[in-house]
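First comes the structure, then the notes that go with it.
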2 protein chains.
Amino acid sequence: MFQVPTKTQYAIRALVHLVRTKSASVASIAEAEHIPFKYLEAIFGQLKSAGLLIADRGRSGGYRLARAPELILMSEVVKATEGDITPVGCLDDAGFCIVSEACLPRRFWFGLKRTVDAYLESVTLAEIAEPGFLPAPDPSQKESAAAKD
Amino acid sequence: MFQVPTKTQYAIRALVHLVRTKSASVASIAEAEHIPFKYLEAIFGQLKSAGLLIADRGRSGGYRLARAPELILMSEVVKATEGDITPVGCLDDAGFCIVSEACLPRRFWFGLKRTVDAYLESVTLAEIAEPGFLPAPDPSQKESAAAKD
DNA sequence: GCATATTCAGATCAATCAAGTAGGAATTTA
DNA sequence: TAAATTCCTACTTGATTGATCTGAATATGC
């Protein structure tokens with residue numbers, strides 16, 4: 001369920017690489033990060049379409065970040081490589097459950113989605129590229145606050 | 001990445017069903033919840049192995065919860081159907097990164113894992129079975145890492 | 001200009017995994 | 001003893017992941 005596709009892992013490693021080297025070709029990044037060249041090429045196409053990268057074509061071209069890494073949320077990166085996060089079908093708006101009575105688990109899944117989204121939106125690319133980056137707050141947030149679907 | 005497998009969705013719906021009807025056969029639950037009979041049979045095998053269900057074999061047998069639903073964490077259910085949550089390979093203990101320098105993204109993924117685990121451990125089966133169940137806290141927990149535009 | 005280094009675009013392919021099926025054996029009870 | 005159940009093992013099928021292949025289009029340096 002939470003196995004992160006290599007595509008997304010590759011994307012993030014390559015982006016971290018780009019935070020340091022202001023600009024680089026796909027080939028150089030692929031070699032440095034041990035990522036299959038052609039695969040990374042395709043991934044960068046997606047990241048560019050998502051507005052995260054800018055491409056300079058031609059002989060001494062390459063890719064560079066479209067924004068300062070402080071302004072790139074990890075949620076954007078994940079969304080670029082994987083599309084929207086919809087844990088279960090019944091969460092699509094206008095979607096509904098075939099299940100008997102009011103689909104109780106729905107709220108549970110929705111809560112999970114919100115939790116994950118919140119985390120991904122709370123971290124920027126710049127923070128990941130910092131050696132001093134510390135992961136999530138220790139989970140002392142155990143409330144069970146409001147709902148609004 | 002966060003598409004929840006139908007197997008897990010089925011498991012939870014079936015468990016919620018069992019919270020009400022103290023005991024039931026796979027066939028009856030499958031019909032009531034619109035779950036393929038043979039598939040649910042296999043799922044229940046896993047839930048039993050995980051110690052969440054007790055089976056009564058023979059003619060008027062069936063399944064029942066091994067514990068009160070208040071004592072069944074959703075993390076246990078997910079783990080039973082999907083195994084441990086390891087977002088990326090390098091998180092297994094004794095695992096290490098092939099990546100050049102100290103794998104910075106690793107902490108990011110680890111933080112994600114902790115966030116998800118914390119959520120799943122904060123909800124019990126009993127809460128999901130309650131019509132009044134309210135999902136996750138609104139994400140006002142922005143402590144650790146936040147850089148905004 | 002021309003060779004070269006790059007991005008870009010599309011099809012294709014193999015391996016893996018999710019989802020579901022199938023058949024039947026073992027077990028208990030009415 | 002027959003019916004209803006859990007249990008066990010294997011299979012099929014379709015989608016997805018993780019790539020590869022081929023070949024353009026485009027810009028640069030010489």
Side-chain angles (χ1 to χ4, degrees), chain A residues 1-14 18 21 23-31 33-66 78 80-89 98, chain B residues 1-14 18 21 23-31 33-66 78 80-83 86-89 98:
Chain A
M1 171 160 143
F2 293 109
Q3 172 74 356
V4 177
T6 64
K7 182 199 273 191
T8 300
Q9 299 182 46
Y10 288 165
I12 292 179
R13 271 164 44 197
L18 272 178
T21 76
S23 172
S25 69
V26 172
S28 67
I29 299 177
E31 190 188 3
E33 298 288 338
H34 306 98
I35 299 170
F37 167 62
K38 275 299 185 182
Y39 198 28
L40 185 58
E41 214 177 17
I43 294 170
F44 269 25
Q46 286 188 259
L47 295 177
K48 184 197 162 205
S49 297
L52 297 178
L53 290 181
I54 290 176
D56 300 307
R57 303 183 65 167
R59 170 143 182 174
S60 55
Y63 281 95
R64 54 199 159 90
L65 296 177
V78 170
T81 59
E82 304 184 34
D84 259 322
I85 294 173
T86 54
V88 290
I98 332 99
Chain B
M1 171 161 145
F2 295 108
Q3 173 73 356
V4 176
T6 63
K7 182 200 274 191
T8 300
Q9 298 181 45
Y10 288 164
I12 293 179
R13 270 162 46 197
L18 271 179
T21 76
S23 171
S25 69
V26 172
S28 67
I29 300 177
E31 188 187 5
E33 298 287 339
H34 305 98
I35 299 171
F37 167 62
K38 276 296 187 181
Y39 199 26
L40 186 57
E41 215 178 17
I43 294 169
F44 269 25
Q46 287 188 259
L47 295 177
K48 184 199 163 205
S49 297
L52 297 177
L53 290 182
I54 290 175
D56 299 308
R57 304 184 66 170
R59 170 142 186 175
S60 55
Y63 281 95
R64 54 200 159 89
L65 296 177
V78 170
T81 59
E82 304 184 35
T86 55
V88 291
I98 331 100

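Chain naming here is simple, since letters A, B, ... match the order of the sequence lines and numbering starts at 1 in each. As the structure is a prediction and not an experimental result, all values here were calculated from the model.
- Residue-to-nucleotide contacts include no donor-acceptor pair under 3.5 Å from the side chain of A:K38 to the base of C:dG10.
- For the helix from C:dG1-D:dC30 to C:dA30-D:dT1, the rotation axes defined at the first and last 5 base pairs enclose an angle of 10°, given to the nearest 10°.
- Summarising the geometry, the separation between CD1 on A:I35 and P on D:dG18 is reported as 13 Å, rounded to the nearest angstrom.
- Between the side chain of B:Q9 and the backbone N or O of B:V4 there is at least one donor-acceptor pair closer than 3.5 Å.
- When the C1' atom of C:dT28 is taken as reference, atom CZ of B:R59 falls 10 Å away, rounded to whole Å.
- Which of D:dA19, C:dC8, C:dA19 sits closest to the side chain of B:K7 comes down to C:dA19.
- Proximity of residues 41-52 of chain A to DNA chain D (heavy atom under 4.0 angstrom from any strand atom) is not detected for any residue.
- Nearest nucleotide to the side chain of A:Y63, out of C:dA19, D:dT6, C:dC8: C:dC8.
- Between the A:T21 side chain and the A:L18 main chain, no donor and acceptor come within less than 3.5 Å of each other.
- Closest to the side chain of A:P36, out of D:dT20, C:dT29, C:dT21, is D:dT20.
- When distances are taken from the side chain of B:S60 to each of D:dG29, D:dG18, C:dT29, the shortest belongs to C:dT29.
- We find that CD1 of B:I54 is positioned 14 Å from P of D:dT6, with the value rounded to whole Å.
- When each of D:dA4, D:dT20, C:dA19 is scored by its nearest atom to the side-chain atoms of A:Y39, the top-ranked nucleotide is D:dT20.
- Side-chain N/O atoms of B:R57 and base N/O atoms of C:dA26 include a donor-acceptor pair closer than 3.5 Å.
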